[in-house]
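So you know, we letter chains A, B, ... as the sequences are listed, proteins then strands, and number each from 1.
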Amino acid sequence: MLSQTSETIHGHADVNDMYCSCERALRPDLHKTPLVVLSNNDGCVIAQTKDIKDLGIEMAQPWFEVEERARARGVVAFSSNYELYANFSNRFADTLREFTPRIEVYSIDECFLDLTGIKGDLNAYGQLIKQTVREWTTLPICIGIGHSKTLAKLANKVAKKRPQFQGVCDFTSMSRAELDTLLETVDVRSVWGVGHQYEARLAKLGVLNALRLKRASPKRVRDEFGVVLERTVRELNGESLLELTETVEPSKQVMSSRSFGERVTTLSGLTEAISMHAGIASARLREQGLYANAVHCFIQNSPFDKKPPYAPGLTVALPSPTNSTLKITNAALYILKKIYGPRVYYQKAGVMLLDLVPEQGRQLDMYGYSDDDSKSDALMKALDRINGRYGRSTLRVASEGIKPAWTMRRAFKSPNYTGNPSEFPTIGERFNL
DNA sequence: TCTGGGGTCCTAGGACCC
DNA sequence: TCTGGGGTCCTAGGACCC
């Protein structure tokens, strides 16, 4: 008789208040201070420590609405510092790899782990992982374990919210009755794949908690909501339908866009911004070894400016696939001239690269791979090397300008301790001497 | 004054074909 | 004037995620 192979077991590890925890890692003096991290332009609150929630500050709330209240209560704000967070993210994932060879880096602060076949007490194993990450990286994490990714993620939310689990919640060790009793106390909105639109529609059908969704008829859910939510229902029932994806699929599109620190009305201002975005997007393309067949460029005014919405954009096909900053910038600026209208207070602009192909797959134009291309490749390699070493915009296209007025606000950025040597702290700063 | 920046997947509907 | 059925491909828009 064949022995039954063990059922799939998924783990999900997720850093608590990731951005705040990274800021705290380098500022031990702030370990007890309530923190918030702000979005680009210091616009919205995008991360906060737990104690902030008691002050009535919500995620995604505009900072200007709450700044005064927060400051009065001793809250410290940081502008987002993605270089720092990416660095800690890598350390986090590397630590997890010590415990299982198969992990999926799902986002900057989350990983799925394949725990299938791990012998012994999974709860204890989870605790060990959690403590090791804490010791090696200083980051606090929680771990959820379940028979599907959806269940593992849900278990993690439970572990985060309910102190009795001490940061690790294993659904697979619970009896069905125990699990169902617990799921009945979990909001349906906590389930991965249920956003606020679905939450509202589910509420009308009386589906308010995770247990009700688990018990919904897959067929009916498919008819009313589509195949995605049907899959969620089946995953809640322990079917593992979403596989661990260890390798990162190449991007299908690459975008760079940003709101301005202040409104821009002139073509020359937009030219600088679009040049910058074309440069960033092209560099990301080269990082992934991809080539673009089309460029999309857009500019828009603000939905908050009480003016009619104005958001022109246009896509052009490139004569042959390219990842050259120069060619992509030219295409983007060509579009910009076509779509620009005067007397508009532009708030945001961006460049999107589309129809991406890997190097092997790219079709050459009728002239094939020309001398021009190899010169361009060499130039781009040199540019990436210099910018990789000395910072993103050390070497750039002249149309980007020198120090434009519209650059985003990052008034509270922490120094780039892990990246740029010129921002390393001196011994005195580090220890408050 | 001040309101983020990326992505993915699915579906419906139109254009076009025979 | 009327006018079928089945297929593909593309795009826009809507939902979700972090």
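In terms of position along DNA chain B, the nucleotide closest to Pro62(A) lies nearer the 5' end than the nucleotide closest to the other residue of the pair Met352(A) and Pro62(A). The 5' end of DNA chain B is approached more closely, in terms of each residue's nearest nucleotide, by Ser302(A) than by the other of Ser302(A) and Val228(A).
The salt bridge (Lys or Arg N to Asp or Glu O under 4.0 Å) pairs that include a residue from residues 142-157 of chain A are Glu104(A)-Lys149(A), Glu110(A)-Lys153(A), where partners are two or more places apart or lie in different chains.
When the C1' atom of dG4(B) is taken as reference, atom CD of Glu65(A) falls 15 Å away, rounded to whole Å. For Leu354(A) and dG7(B), the CG to P distance is 11 Å, given to the nearest whole Å. Atoms CG (Leu38(A)) and C1' (dG5(B)) sit 15 Å apart, rounded to a whole Å. For the pair Gln300(A) CD and dG4(B) C1', the computed distance is 12 Å after rounding to whole Å. One atom, CG of Asp42(A), and another, C1' of dG5(B), lie 14 Å apart when rounded to the nearest Å. Glu262(A) has its CD atom 10 Å from the P atom of dC2(B), to the nearest Å. Whole-Å rounding puts the Leu285(A) CG to dG7(B) P distance at 11 Å. As rounded to whole Å, 14 Å separates atom C1' of dC2(B) from atom CG of Asn40(A).
Rounded to a whole angstrom, the distance from the C1' atom of dC2(B) to that of dC18(C) is 24 Å.
Using a 4.0 Å cut-off between charged side-chain N and carboxylate O, Arg231(A) and Glu235(A) make no salt bridge. The residues Lys381(A) and Asp377(A) are annotated as not salt-bridged, no charged nitrogen and carboxylate oxygen being separated by less than 4.0 angstrom.
Checked against Arg91(A) for a side chain to side chain donor-acceptor pair (under 3.5 Å), the options Asp94(A), Asn87(A), Thr95(A) give a single hit: Asn87(A).
Under the rule for a side chain to side chain contact (heavy atoms under 4.5 Å, CB included), the partners of Asn301(A) that lie at least two apart in sequence or sit in another chain are Lys307(A), Tyr310(A), Val344(A). Residues passing the side chain to side chain contact (heavy atoms under 4.5 Å, CB included) test with Arg284(A) are Val254(A), Ser256(A), Ile280(A), sequence neighbours excluded.
The two residues Phe88(A) and Thr137(A) come nearest to each other via the heavy atoms CE2-O, 3.6 Å.
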| note | The contact string for nucleotides 8-18 of chain C, one letter per nucleotide 5' to 3', using protein heavy atoms under 4.0 Å with B, S and - for base, sugar-phosphate only and none, comes out as -------SSSS
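Stems are defined here as 3 or more consecutive Watson-Crick or G-U wobble pairs with pairing distances under 3.5 Å; those involving DNA chain B are B:5-18 with C:5-18.
Proximity of Arg263(A) to the phosphate of dT1(B): no side-chain N or O atom is located under 4.0 Å from OP1 or OP2.
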I'd like a table of donor-acceptor pairs (distance under 3.5 Å, sequence neighbours excluded) in which one partner is a side-chain atom from residues 263-270 of chain A, with atom names and distances.
residue: Arg263(A); atom: NE; partner: Asp305(A); partner atom: OD2; Å: 2.8
residue: Arg263(A); atom: NH2; partner: Asp305(A); partner atom: OD1; Å: 3.1
residue: Thr266(A); atom: OG1; partner: Ser268(A); partner atom: OG; Å: 3.4
residue: Thr266(A); atom: OG1; partner: Gly269(A); partner atom: N; Å: 3.0

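Minimum atom distance to the side chain of Ser39(A) is reached by dG4(B), of the listed dG4(B), dG7(B), dG5(B).
Among the atoms of the strands shown, only primed sugar atoms or phosphate atoms (P, OP1, OP2) are found under 4.0 Å from some heavy atom of Ser256(A).
In this structure, the separation between CD1 on Ile145(A) and CG on Asp170(A) is 4.5 Å, given to the nearest 0.5 Å.
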